[in-house]
**Student:** 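Sharing a structure below in structure tokens format, with a few things to ask.
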Amino acid sequence: MRLTIRTLLTTGALSALAALSTVALPGRAAAADGVDAIKKRGTLIVGVKADYKPFGFRDPSGTIIGLEPDLAADLAKRLGVKLELVPVVSANRIEFLQQGKVDLLIATLSDKPERRRVVQAIDPNYYSDFVNVLLPKSSGITDWAQLKGKPLCATSGAWYNKDVARTYGAEIVAFDGSEKPLFALKQGNCIGYVYDQSMLQGKLLDDDWKANYALPLKGILDAPWMMAVAQGNTTLQAAVEDATKDWMKTGFIVNEEKKWGIEPTAYSKAMHEKYKNATN
């Protein structure tokens, strides 16, 4: 079976991304300095997506909003500091954390062993989601096997691209971010867009997409998402883990899903049941 993955990035986009990843952000303490440094600075700096509705996206004014910025805001409130959101993409988010450009990542980061080797994961995971494909209603595709040999738009750096190509024979055409593959889908450059199911559900909240696109396939490759801090940042790790358990206990994340138009996942509901009667 031929496995083909093509990454399509313009020269300008590559240059902009490279420049963004090397620009130092002034006046920021190193992430490993921990909670005391964050409180002294007076600001919690969190890396989030800005193109991933409803988890992190820009409103008409340009402000980043969504489920994950809401989690970041709650953490800042718990620490008694202001919040600064830094937009990241799959290709640079871990690098931003390692370089101390952000204190924390809440950026749809799937929990993988290779990632745990380079960052400090927050346990328990705050979310879990399936992989699915946004397809035109006219495609006639009702089974993953029907994707064999067909071009499938994807986001560069998504861990499941190779799995989908290998297992179902789709020809992955990868783009930077999530807006470019959606544009390519609308232009007819691919049969569908493979991505995280909850994000695709959020896209179908828009009338323009809802009218012509759907999710006819069953979600696959359920994978938990982790928040992460820099290795050695044990005080921030502890603070975020305490907050995560409290979110599970109160049902905060389930309520956030409902707020942003997402069907609460089995994981979110199960974690609420697990923690709701916890005494500490």
Side-chain angles (χ1 to χ4, degrees), residues 4-10 13 49-60 64-68 89-90 107-108 110 127-165 167-223 225 256-268:
T4 303
I5 297 182
R6 302 197 303 260
T7 300
L8 304 181
L9 284 173
T10 65
K49 293 288 188 71
D51 62 349
Y52 198 111
K53 188 176 183 177
F55 290 90
F57 63 104
R58 295 188 185 275
D59 68 11
I64 301 175
I65 61 173
L67 190 153
E68 291 178 332
V89 296
S90 298
T108 71
S110 297
Y127 206 72
S128 188
D129 197 17
F130 289 98
V131 175
N132 213 319
V133 181
L134 184 65
L135 290 159
K137 291 181 178 179
S138 60
S139 70
I141 292 176
T142 57
D143 188 275
W144 285 85
Q146 293 175 269
L147 298 173
K148 184 176 181 179
K150 294 182 171 62
L152 197 60
C153 287
T155 294
S156 300
W159 63 270
Y160 42 77
N161 289 348
K162 289 183 179 180
D163 289 338
V164 170
T167 303
Y168 301 104
E171 188 174 300
I172 299 295
V173 185
F175 299 80
D176 179 42
S178 63
E179 293 304 318
K180 290 178 182 178
L182 286 167
F183 179 76
L185 173 60
K186 277 196 169 184
Q187 295 299 305
N189 295 331
C190 48
I191 190 65
Y193 177 31
V194 61
Y195 209 38
D196 299 315
Q197 180 169 282
S198 292
M199 185 274 186
L200 298 178
Q201 287 177 342
K203 183 57 64 177
L204 291 176
L205 296 175
D206 297 338
D207 290 339
D208 183 41
W209 288 94
K210 186 177 181 180
N212 299 302
Y213 295 85
L215 295 172
L217 305 183
K218 183 178 180 180
I220 60 170
L221 301 173
D222 187 22
W225 294 358
E256 281 289 307
E257 289 176 300
K258 294 175 181 178
K259 171 184 173 180
W260 293 104
I262 302 170
E263 178 67 27
T265 63
Y267 179 81
S268 297

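The analysis underlying the following values was restricted to heavy atoms, covering all of them including side chains, and did not include hydrogens, waters or symmetry mates.
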**Student:** Apply side-chain contact (heavy atoms from CB on, under 4.5 Å) to the pair Leu204 and Leu134, showing each step before the final yes or no.
**Tutor:** CA-CA 9 Å; Leu204 291 176; Leu134 184 65; 3.7 Å; yes
**Student:** So, the side chain of Glu171 versus the backbone of Leu152: is there a donor-acceptor pair under 3.5 Å, distance only?
**Tutor:**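 No; judged by distance alone, with no hydrogens or angles, the pair does not exist.
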**Student:** Give me the atom names and distance for the closest heavy-atom approach of Val173 to Pro151.
**Tutor:**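 Here Val173 and Pro151 meet closest at CG2-CB, 4.2 Å.
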**Student:** Under 3.5 Å, is there a donor-acceptor pair between the side chain of Lys150 and the main chain of Gln146?
**Tutor:**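 Checking the backbone N and O of Gln146 against the side chain of Lys150, a donor-acceptor pair under 3.5 Å is found.
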**Student:** With side-chain contact (heavy atoms from CB on, under 4.5 Å) as the criterion, how do Phe55 and Ile262 come out once you've worked through the C-alpha distance, each side chain's angles and the decisive distance to 0.1 Å?
**Tutor:** CA-CA 10 Å; Phe55 290 90; Ile262 302 170; 3.7 Å; yes
**Student:** To the nearest 0.5 angstrom, please state how far the CD atom of Gln197 sits from the CG atom of Leu221.
**Tutor:**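 Going from CD on Gln197 over to CG on Leu221, the span is 11.5 Å.
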**Student:** Could you please spell out the steps behind the side-chain contact (heavy atoms from CB on, under 4.5 Å) verdict for Tyr195 and Asn132?
**Tutor:** CA-CA 6 Å; Tyr195 209 38; Asn132 213 319; over 6 Å; no
**Student:** What's the spacing between Ile64 CD1 and Arg58 CZ if we round to 0.5 Å?
**Tutor:**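 If we round to the nearest 0.5 Å, Ile64:CD1 and Arg58:CZ are 4.0 Å apart.
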**Student:** Does Asp129 use its side chain to pair, donor to acceptor, with the backbone of Ser198 at less than 3.5 Å?
**Tutor:**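 Yes, because the side chain of Asp129 sits within donor-acceptor range (under 3.5 Å) of the backbone of Ser198.
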**Student:** Just so I know, are the side chains of Phe183 and Gln187 near enough to count as touching, which here means a heavy-atom distance under 4.5 Å?
**Tutor:**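 Touching, per the 4.5 Å side-chain cut-off.
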**Student:** Examine Tyr267 together with Trp225 and report whether their ring centres are nearer than 6.0 Å.
**Tutor:**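 When the ring centroids of Tyr267 and Trp225 are compared, they turn out to be at least 6.0 Å apart.
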**Student:** Can a donor-acceptor pair be found, under 3.5 Å and without considering hydrogens, that links the side chain of Trp209 to the backbone of Leu200?
**Tutor:**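 Checking the backbone N and O of Leu200 against the side chain of Trp209, no donor-acceptor pair under 3.5 Å is found.
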**Student:** Which atom pair, heavy atoms only, marks the closest approach of Leu135 to Gly192?
**Tutor:**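 Closest pair (atom of Leu135, atom of Gly192, distance): CD2-CA, 3.9 Å.
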**Student:** Between Ile141 and Pro216, is any pair of side-chain heavy atoms under 4.5 Å apart?
**Tutor:**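 Of all side-chain heavy-atom pairs linking Pro216 with Ile141, none is under 4.5 Å.
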**Student:** Is there a donor in the side chain of Trp159 and an acceptor in the side chain of Ser110, or the other way round, less than 3.5 Å apart?
**Tutor:**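 Result is yes, a qualifying pair exists.
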**Student:** Do side-chain atoms of Asp143 reach the backbone of Ala145 as a donor and acceptor pair under 3.5 angstrom?
**Tutor:**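 Checking the backbone N and O of Ala145 against the side chain of Asp143, a donor-acceptor pair under 3.5 Å is found.
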**Student:** Please walk me through it: do Asp208 and Lys203 pass salt bridge (charged side-chain N to carboxylate O under 4.0 Å, His left out)?
**Tutor:** CA-CA 9 Å; Asp208 183 41; Lys203 183 57 64 177; over 6 Å; no
**Student:** Less than 4.5 Å apart, any side-chain heavy atom of Tyr168 and any of Asp163?
**Tutor:**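 A side-chain contact under 4.5 Å is absent here.
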**Student:** For the backbone of Val164 and the side chain of Thr167, can you confirm whether one donor and one acceptor N or O come within less than 3.5 Å of each other?
**Tutor:**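 Absent.
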**Student:** Tell me whether Asp206 is salt-bridged to Lys53, with the criterion being a basic N under 4.0 Å from an acidic carboxylate O.
**Tutor:**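 Answer for the salt bridge query: yes.
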**Student:** Looking only at heavy atoms, which two atoms of Lys49 and Thr108 are closest? And how far apart?
**Tutor:**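 Closest approach of Lys49 to Thr108: NZ-OG1, 2.9 Å.
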**Student:** What I want to check is whether the side chains of Ser156 and Asp176 have a donor and an acceptor closer together than 3.5 Å.
**Tutor:**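 No, no side-chain donor-acceptor contact under 3.5 Å.
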**Student:** How many angstroms lie between atom NZ of Lys137 and atom NZ of Lys210, to the nearest 0.5 angstrom?
**Tutor:**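 NZ of Lys210 is found 8.0 Å from NZ of Lys137.
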**Student:** To the nearest 0.5 angstrom, please state how far the CZ atom of Phe57 sits from the CG atom of Asp59.
**Tutor:**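 That separation rounds to 7.5 Å.
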**Student:** Under a 4.5 Å cut-off applied to non-hydrogen side-chain atoms, are Val133 and Trp144 in contact?
**Tutor:**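 Answer yes - side chains close enough.
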**Student:** Would you name the heavy atoms of Cys153 and Phe175 that are closest together and state the gap between them?
**Tutor:**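 Closest pair (atom of Cys153, atom of Phe175, distance): SG-CE1, 3.9 Å.
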**Student:** With rounding to the nearest 0.5 Å, note down the distance linking OG in Ser178 to CG in Asp51.
**Tutor:**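 Between Ser178 OG and Asp51 CG, I get 3.5 Å after rounding to 0.5 Å.
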**Student:** Apply side-chain contact (heavy atoms from CB on, under 4.5 Å) to Gln201 and Trp260, showing your working.
**Tutor:** CA-CA 10 Å; Gln201 287 177 342; Trp260 293 104; over 6 Å; no
**Student:** Are Pro54 and Leu67 close enough that some pair of their side-chain heavy atoms sits under 4.5 Å apart?
**Tutor:**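 They are not in contact (no side-chain heavy atoms under 4.5 Å apart), so the answer is no.
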**Student:** Which of these passes side-chain contact (heavy atoms from CB on, under 4.5 Å) with Thr155: Tyr160, Tyr52, Tyr193?
**Tutor:**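 It is Tyr193; the other options fail the test.
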**Student:** Is there a donor-acceptor contact under 3.5 Å linking the side chains of Asp222 and Ser128?
**Tutor:**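 On atom types as modelled, these side chains qualify, holding a pair under 3.5 Å.
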**Student:** Decide whether Glu68 and Tyr127 meet the rule of one side-chain donor and one side-chain acceptor closer than 3.5 Å.
**Tutor:**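 There is no such pair between these side chains.
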